[in-house]
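One structure is given here, and the rest of the page talks about it.
Quantities reported herein were computed from a predicted structural model and do not represent experimental measurements. Note on naming: letters A, B, ... go to the chains in the order of the sequence lines (proteins, then strands), and numbering restarts at 1 for each one. Side chains included, hydrogens not; waters and symmetry mates left out as well; all remaining heavy atoms used.
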Number of protein chains: 2
Amino acid sequence: MVPKTQKRVTSSDVAREAGVARSTVSYVLNRTPHQTIPDGTRRRVLDAAARLGYTPSAAARTLKRGRSDVVLCIVKPWPLGSASGLLLAELTAGFDAVGLTLVTHIEGAGVRGVEAVWNEIAPAAVLTYSPVDPDAERTMRAAGVQCVAVLFSGEPDGSARFVRPDARIGLLQAQHLVAAGHARIGYAYPEPPTLRDFAEPRLEGVRAACAEAGIAAPEVRTVALDAESAAAAIEHWRGMDDPVTAVCAYNDEVAQALIAGARLAGVGIPNDLAVIGADDIPTARLASPPLTTIAIDHAAEARRIVHDVTSALREGVAVEATDPADLFTTVVRESA
Amino acid sequence: MVPKTQKRVTSSDVAREAGVARSTVSYVLNRTPHQTIPDGTRRRVLDAAARLGYTPSAAARTLKRGRSDVVLCIVKPWPLGSASGLLLAELTAGFDAVGLTLVTHIEGAGVRGVEAVWNEIAPAAVLTYSPVDPDAERTMRAAGVQCVAVLFSGEPDGSARFVRPDARIGLLQAQHLVAAGHARIGYAYPEPPTLRDFAEPRLEGVRAACAEAGIAAPEVRTVALDAESAAAAIEHWRGMDDPVTAVCAYNDEVAQALIAGARLAGVGIPNDLAVIGADDIPTARLASPPLTTIAIDHAAEARRIVHDVTSALREGVAVEATDPADLFTTVVRESA
DNA sequence: CTGTTAGCGCTTTCAA
DNA sequence: TTGAAAGCGCTAACAG
């Protein structure tokens, strides 16, 4: 007969079962340095713990240490596409391997601000997609957060360490088009405002590549995810005095809209207009023509973030970000 | 001069500042029922708390109450598509409105099992996408979890409350095709094994609709997200003695693969083969032809889940699931 | 109505 | 090497 309400197994129970003091249990289970424990005792404790099915209370440990082993990643409501999903999965696995638990919280649309979240979780580190304002950072520190990492950012500032160099995505896009002989490039900017943090650096990279190649700056149009919006942009680009012959899309979805818009406008891809996407989402190769795009090495990126964050946690200080040299690859298909 | 390490403001600080006892602070801040507090005292406490920027320590409250105000949603690595993203966003907002914090954890690929997660978080409720085995459920209960809700499930069992009736998606798909005059239907099953929990009920719905319409059971083929795989399936369907004339795709991405495969195989859509998708992802309307699909009302679904879970938390018992009558809508476009 | 007090389960000095 | 004891910050009996 199992009791209705399970009683929690505590370290005292383990201590009693093993015939030692609670502190000894703690020492054994935490492998506390500079505490040598005889093998017999150690085994008795471990056995007792296993027999009782003991799991330490994270709440108690958190209360005592003032910080949990949780890493909190704050994401905006919009960008949960397959690319972010992949990165999040890699991050989760990576942090797990070093004993940290990654959880994700979707920001916005909440009555209580995000602050409630880190009070509730008391994470060791917080990962955000865009810069946190100094006030918020202060409340985080007060809640025990040791490390604040900004993963992406339109405007790199003081606290923006660990920022992924998304500008390089735009750079690679434009370089690919320039190498193919294009001298007038358009940029298809995403419509949802929440994507600004991602879009700005990418566009910046395109600008840089154009400048470097000595061609005109990209002609930017906002393109929503429907064929009409894309067709309008395409007509604008082709109607210019110096018509755009190739377009960098913010990502593969916008690129898909461009392909649909071109079909609607009777414009041939890539002959009349070349298109290049970004992110290499699974459906990119299903487009007609298949999308040329920039692939992101999410696993490498996750490794880098996990490494940098754990070092910062250990040192108590942010370390220099690892060189993110080869995170991106141009995947050439028929559309550009 | 701000001190390097912020000292946490505790309820004692607030009590001292307000000139009352700690318990009074707790009563005021928690609006404890059956504790009447004079307005003057209440205001003094509230003022002091605000002045000091007091935020209660969630860890301490969790330790005391044995459970936090966090709801943990466990998702598999794969299905983080735009549909799940939307649902998660709605859920987050919904739980936030009732004072609960939703965080998401991506399961799998971890060295330490998921159990580490609920020990780390001590959530009030856990939401999973597939059934949890009894052992795991026991460890959750021991960790203080009050309510375990399964959102989706291939095999509804005892603990599977709150299951979304995805079978209805398949039902609507098939009914739409039957109404259009099709008498031989194919089913494009997704390739990643992690999607089984979603795919099974959908397929079941298609089977039910076929049976009800008195036509042959659906011919199931697994279709990966590439044109070749889809083309092979299409050739199989069309090469049958009694050829398939319409296909229900597991979701819109598989449907997009089907469209690409048809193009490769020289099969016209919808004339030679009708296709219907599911989920109504943003790019569904960008396909050529635009995808007929089943839209999901994520907001309504989130409302239902939040309502059911909070009731269960209050009652200490699972309540009957709300009627999920009109979660789904058939969106007719040109492909079927 | 307000204050005192006893823990929740754990870590970590300090003594034995 | 092991044990006793002091809290971390909060809640909720219970006493005043």
Send over the distance from A/K64 NZ to C/dT12 P, rounded to a whole Å.
7 Å

Counting just side-chain N and O atoms, does A/S26 come under 4.0 Å of either OP1 or OP2 of C/dT11?
yes

Would you say A/T24 places a side-chain N or O within less than 4.0 Å of OP1 or OP2 belonging to D/dG3?
yes

Please give, in whole Å, the distance from D/dG9 P to B/L52 CG?
14 Å

Please determine, for the side chain of A/Y27, which listed nucleotide (C/dG9, C/dG3, D/dG3) has the closest atom?
D/dG3

Rounded to the nearest angstrom, tell me the gap between atom CZ in A/R16 and atom P in D/dT2.
19 Å

Looking only at side-chain atoms of A/A60, point me to the closest of D/dT11, C/dT11, C/dG9.
C/dG9

Give the intermediate values and the outcome of side chain to side chain contact (heavy atoms under 4.5 Å, CB included) for residues A/F95 and A/V103.
CA-CA 10 Å; A/F95 278 115; A/V103 295; over 6 Å; no

Spacing between A/Y54 atom OH and C/dG9 atom P, to the nearest angstrom
10 Å

Listed nucleotide nearest any side-chain atom of B/S23, set C/dG3, D/dT2, D/dG7
C/dG3

Picking from C/dT11, C/dG9, D/dG3, which would you name as closest to the side chain of A/L63?
C/dG9

B/L29 CG to C/dT2 P: how many Å, rounded?
15 Å

Is any side-chain heavy atom of A/R61 closer than 4.5 Å to a side-chain heavy atom of A/D69?
yes

Residue-phosphate contact under 4.0 Å: B/T41 side-chain N/O, C/dT2 OP1/OP2
yes

Which nucleotide in the list D/dG3, D/dT1, C/dT11 gets nearest to the side chain of A/V20?
D/dG3

Least distance between heavy atoms, A/S68 atom then B/E120 atom
CB-OE2, 4.5 Å

Distance check needed: C/dT12 P versus A/R61 CZ, whole Å only.
11 Å

Can you confirm whether B/E301 sits close enough to B/D297 that some side-chain heavy atom of one is under 4.5 Å from a side-chain heavy atom of the other?
no

Go nucleotide by nucleotide along DNA chain D from the 5' end; which of B/V9 and A/T36 gets its closest nucleotide reached first?
A/T36

How many whole angstroms separate atom CG of A/D13 from atom C1' of C/dG9?
11 Å

A/D39 CG - D/dT1 C1' separation (whole Å):
14 Å

Side-chain contact check for B/T10: nearest option of D/dT2, D/dG9, D/dT1 is D/dG9

Do you know which two heavy atoms are closest between B/A18 and B/V45, and how far apart they sit?
CB-CA, 4.0 Å

